[in-house]
Amino acid sequence: MADGQAAGGAPNTDNADFPKTFDAAAEEARIARIWDEQNCFRAGANAKKGADSFCIVIPPPNVTGSLHMGHALNNTLQDILTRWRRMQGFDTLWQPGQDHAGIATQMVVERKLAEAGEPGRRELGRKAFLEKVWAWKEESGDTIINQLKRLGASCDWSRNRFTMDPGFHDAVLRVFVGLYKDGLIYRDKRLVNWDPHFETAISDLEVEPVTVQPGSNQGKLWRFRYPLADGLTYRHPVAHDDEGDATDWEERDYLVVATTRPETVLGDTGVAVHPDDERYKDLVGKHAILPIVGRRIPIVADEYADPEKGTGAVKMTPAHDFNDFEVGKRQGLRMINVMTPKAAITLFEDAEFWTDTPFASGPIKAKKSKKDDAAAALRKHCEANRDLLDLWSLDGLDRFEARKRVLAMMEARGLYDGADDNPHEVPHGDRSKVVIEPYLTDQWFVDAATLAKPAIEAVRNGETKFAPQNWEKTYFQWLEHIEPWCVSRQLWWGHQIPVWYGPDGEPFCEATEKEAKAAAKAHYGKSVKLRRDEDVLDTWFSSGLWPMGTLGWPKQTRELTTYYQTDVLITGFDIIFFWVARMMMMGMHFMKDEAGRDVPPFHTVYINSIVTDEEGKKMSKSVGNVLDPLDIVDGCDLETLVAKRRAGVFDAKKADAIEAATRKQFPKGLEPFGADALRFALAALESQGQRALKLSMARVEGSRNFGTKLWNAARFANLNGCAPDPKFKPEAATRTVNKWIVGETARVAAACDEALESYRFNDYAARLYAHTWGVYCDWYLEFAKPLLQGDDPVAQAETRATAAWALEQILKLMHPVSPFITESLWEATAGPAGRKKRLVHADWPSLDAATLADPEADAELGWIVRLIEAVRSVRAEMNVPPSAEAVLVLTAAEPAATARLERNWALVKRLARLASWETAESAPKGSITVALEGAVANLPLADVIDVSAEQARLEKAMAKTRKEADGLTAKLGNEAFLAKAPEEVVEEQRERLAAAEAELEKLSGALMRLAEMA
RNA sequence: GGGCGCGUAGCUCAGUGGGAGAGCACUACGUUGACAUCGUAGGGGUCGCUGGUUCAAUCCCAGCCGCGCCCACCA
């Protein structure tokens, strides 16, 4: 055995010591410590000899992050499966770790430096800054691990991995080099999404569209007139008839173009019109003059221009717009970058800016590296040239300032042609929240389309399955239209790209500098000085290697052989593209089986819900509706909760509103519910149909109450001498109630397995709840009381053993979802025999429902339950005082019915509060009557009976039954039904009709007797 | 524009081609030694609307209405 679990590790507990309540705070801490100290979660702990492996890799949380409700859900589900498989004896590993989270972490550290008034990233320089980040990682990196431990996550913490661990770093570099040498990674100069705040490229996925409303400088479509060059004019239609044919024209010496980003005018290098657009046919091949800049730009014909949209003429800014970039390439338009990395306007970054402008000649052509010279020359030039002064004033302006200035300048020149409100979505950086610019730079790209093919195929042919399955469509849709993946980032925190450049810029991509030097030497024929690429890799590049990298790849470790392919990945839908797809691509490319076939990293991807507040709103700091999982576990007083939520927003007015809402929703703050209750509630609410899991405190409270119920049931059993009996064999139970609970237990165990095998966490929780509370507590323990407290020692002994056994099965079945309270009870109910193993390593129930269920016991107990419920119902409706003990008179009783009652009289007497029972030919006068199978139950309650109330009750019951009978009669009278419905269905309907008719007869008899009384 | 999902009890949601369910909330009664974080009984739903398929539709199909999410685009 891989762990140090010793027999008798759990203390035996005397009855008198059984605590009255479960002290979650103390017990959770104590039990977590024991699990930890005894290495209960080690890879392979509790594995049976030769067992199959079961492995889950955790979605690595950000190293600087802290636990949120999404983590709580995600990890609860992983833990349920892991604990379940571990108890089943699988060779189990839940692999934990954290992600370095490039941008996010760098952002946090930069912000902390700023808050502390320390020098910023640039001032510190790369080395010193990275030291700060590592220091922060060391300081805060364990936070989330400790939080996960509080929830009971049974990861093998000794194997915790970090995406920047040396071994993992090595895997990342090898993958990069491998892909490079396969031609699947390349460097290219093209437009990328540029984040001007972080001054780095980001991937398409890191861009989020934000709708902007019309304002002074956004949310509008502005129109400008671009004068035609060389005195050209053309006839432009200005009026149309109903058919859309032009009826009136005007002579124009300009084109009208429109834009949502006026500042990009400066980078325009053409105007595009559709080749079939009659209006502009004669202008193609001619030129326009770009306002403000005075650049002479060609008018080109390109299908991209849509004659239906706007004026049909589109300004082309190939260096600052993705569509224009493509058109520009097709049409041979120049690409002029007019922005700095901070997205300020620059006229000197790109010497081409001045080409074909009136300012092209003379001193302005000065090299951009000598900007001061150029500025001096420009100033001199400006004295004679007002247009140039205007233009120069734009240099260095922030893009949004420049936008205003350009608008004003257009107006001043009489080239402003109006604007329309145009609320539209503008790309923003998902971290920086600033507007993203398409920006022309050199970056590294992964040929994602090629890698995607096997990743698509693996899901297409079922090697990897999604649950719920419909997420496969989402996965396909993205992968089938995938664009090259920009993986270089102009950041410092991350895996630096393993590329070195020679003096002439020749790249050498190798896993180490030594190898790169050797390659360079071979290339140049001599040793040369190399310069390493400054950029780091996209965080998701390394996350994509998580399953293989954490298990030791590229080394062929025991773990890699044992646990790869991992089993199920549990994650949120928001990272299907970011992460799941990338792991599939990388895994399929690098991992092979003995036969050389690609092996996907997991056979199942389970997509869990997204946790929202009770209104279905995503939990977010800025909305102020966040609930911290640990506040639910430990409780949180109102003032602390309010303060936490206020801290998430900057706007004081908004903070006030959040405070008011919080005070209203949680007037007493949060009660401590314990980790088990939170886990149980999350599991119970996690269903495959719903995308949002609306977390309700009522549900957590209910789950806590469920734990309390279980605790009290165990305490009752314990106080009544129920202790595990090693000699007890469930199949050998003799008493009907014991046979019955054995069968029920086997059924619920099978249901739990079935639910977990199909990832139906809500079914699992619901079945446990219904069985534990509704069957074991409500009925079995009540049935057991007369036997436990009776004077038949044989029955008592069997019942004690059965009660203990059934409880033990509940503890095992419930352990995966609520591990602390069940482990605690496992100790407390150990009895004199003690426990061989802790519950975490106990043998999962393996019960054969087919042999353990006893149909006769089920039928008998079912009948007894219905009788008790019927009597109770009548008593309540007739307002019989609880203390009054009635007499039960059976009429029309079949021998089987009287035998059943005879055998179980002790139970019925107690639970239905009856004094005695007898049979009779006819019902006593003034009886209340209930129809049963094989008998009619009569309660002579003449003194308390309200004739009209009883009449109403019977009539209501009859109406209900008659309605059912009528429906069934109609159905059975339908020839088509008899001919086409399956025989079992027809038979079932016949039986139901017979039962309904028998009941009707009994009820109408009762009604008649009542009428005689009145 | 493309895709996905949801509309079932007052609320939050399960569910199934053949008898409408759970939790919470609600009503009445209850201190019967495991449990008031409880017990017993009860009220409450034309399963969004309209058609179709079927012997049979809350469930399958189509359309519509309402709500939400994702992707793309927006000169």
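Numbers restart at 1 for each chain; the letters A, B, ... are given by sequence-line order, proteins then strands.
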Is a side-chain donor or acceptor of [X] paired with a backbone partner of [Y] at a separation under 3.5 angstrom?
X	Y	answer
A/Ser609	A/Leu693	no
A/Ser703	A/Arg699	yes
A/Asn974	A/Ala976	yes
A/Asp302	A/Tyr304	yes

Pairing residues for A/Ala981 by the side chain to side chain contact (heavy atoms under 4.5 Å, CB included) criterion, not counting sequence neighbours: A/Phe977, A/Val986
Sugar-phosphate or base contact per nucleotide [nucleotides 30-41 of chain B; S, B, -; heavy atom under 4.0 Å]: --B-BB-BSSSS
Summary of protein contacts for nucleotides 1-11 of chain B, nucleotide by nucleotide, where a base hit scores B, a sugar-phosphate-only hit scores S (4.0 Å, heavy atoms): -BSBSS-----
Categorize [X] for me: base, sugar-phosphate, or nothing, with a 4.0 angstrom heavy-atom threshold over every strand shown.
X	value
A/Leu221	sugar-phosphate
A/Pro982	base
A/Lys956	sugar-phosphate
A/Ala305	base
A/Asp306	base
A/Ala981	base

Nearest-Å distance, [atom1] ([X]) to [atom2] ([N])?
X	N	atom1	atom2	answer
A/Asp204	B/C70	CG	P	16 Å
A/Tyr475	B/C71	OH	C1'	17 Å
A/Glu425	B/C73	CD	C1'	9 Å
A/Leu768	B/G23	CG	C1'	15 Å
A/Glu988	B/G19	CD	P	8 Å
A/Asn879	B/G42	CG	P	13 Å
A/Arg990	B/G18	CZ	C1'	14 Å
A/Arg261	B/C73	CZ	P	13 Å

A/Trp711 and A/Phe18: CA distance, side-chain angles, deciding distance, ring pair (Phe, Tyr, Trp, His ring centres under 6.0 Å) verdict: CA-CA 10 Å; A/Trp711 186 268; A/Phe18 204 106; 5.4 Å; yes
Ring geometry between A/Phe466 and A/Tyr475 (parallel below 30°, tilted from 30 to 60°, perpendicular above 60°): tilted
Could you give the distance separating [M] and [N] at their [atom1] atoms, to the nearest angstrom?
N	M	atom1	value
B/G30	B/C49	C1'	46 Å
B/C47	B/U8	P	11 Å
B/G52	B/G17	C1'	15 Å

Contact list for RNA chain B against residues 969-977 of chain A - heavy-atom distance below 4.0 Å: A/Asn974, A/Ala976, A/Phe977
A/Glu326 atom CD, neighbour heavy-atom count above 12 within 6.0 Å: yes
Over 12 non-hydrogen atoms of neighbours within 6.0 angstrom of CD in A/Gln789: yes
Non-hydrogen side-chain atoms of A/Trp478 and A/Ile456 separated by less than 4.5 Å: no
Heavy-atom check, side chain of A/Tyr780 versus side chain of A/Thr802, under 4.5 Å: yes
side-chain N/O A/Arg992 vs B/G18 OP1/OP2, d < 4.0 Å: no
OP1 or OP2 of B/A20 under 4.0 Å from side-chain N/O of A/Lys960: no
Presence of salt bridge, A/Lys220 and A/Asp420, under 4.0 angstrom: no
salt_bridge(A/Glu754, A/Arg760) N-O dist < 4.0 Å: no
Set of residues satisfying salt bridge (Lys or Arg N to Asp or Glu O under 4.0 Å) with respect to A/Arg582, sequence neighbours excluded: none
Structure string for RNA chain B in dot-bracket form, Watson-Crick and G-U at under 3.5 Å, | interchain: (((((((..((((....[..)))).(((((.......))))).....(((((..]....))))))))))))....
A/Tyr776 six-ring centre to A/Lys709 NZ/CZ under 6.0 Å and within 45° of normal: no
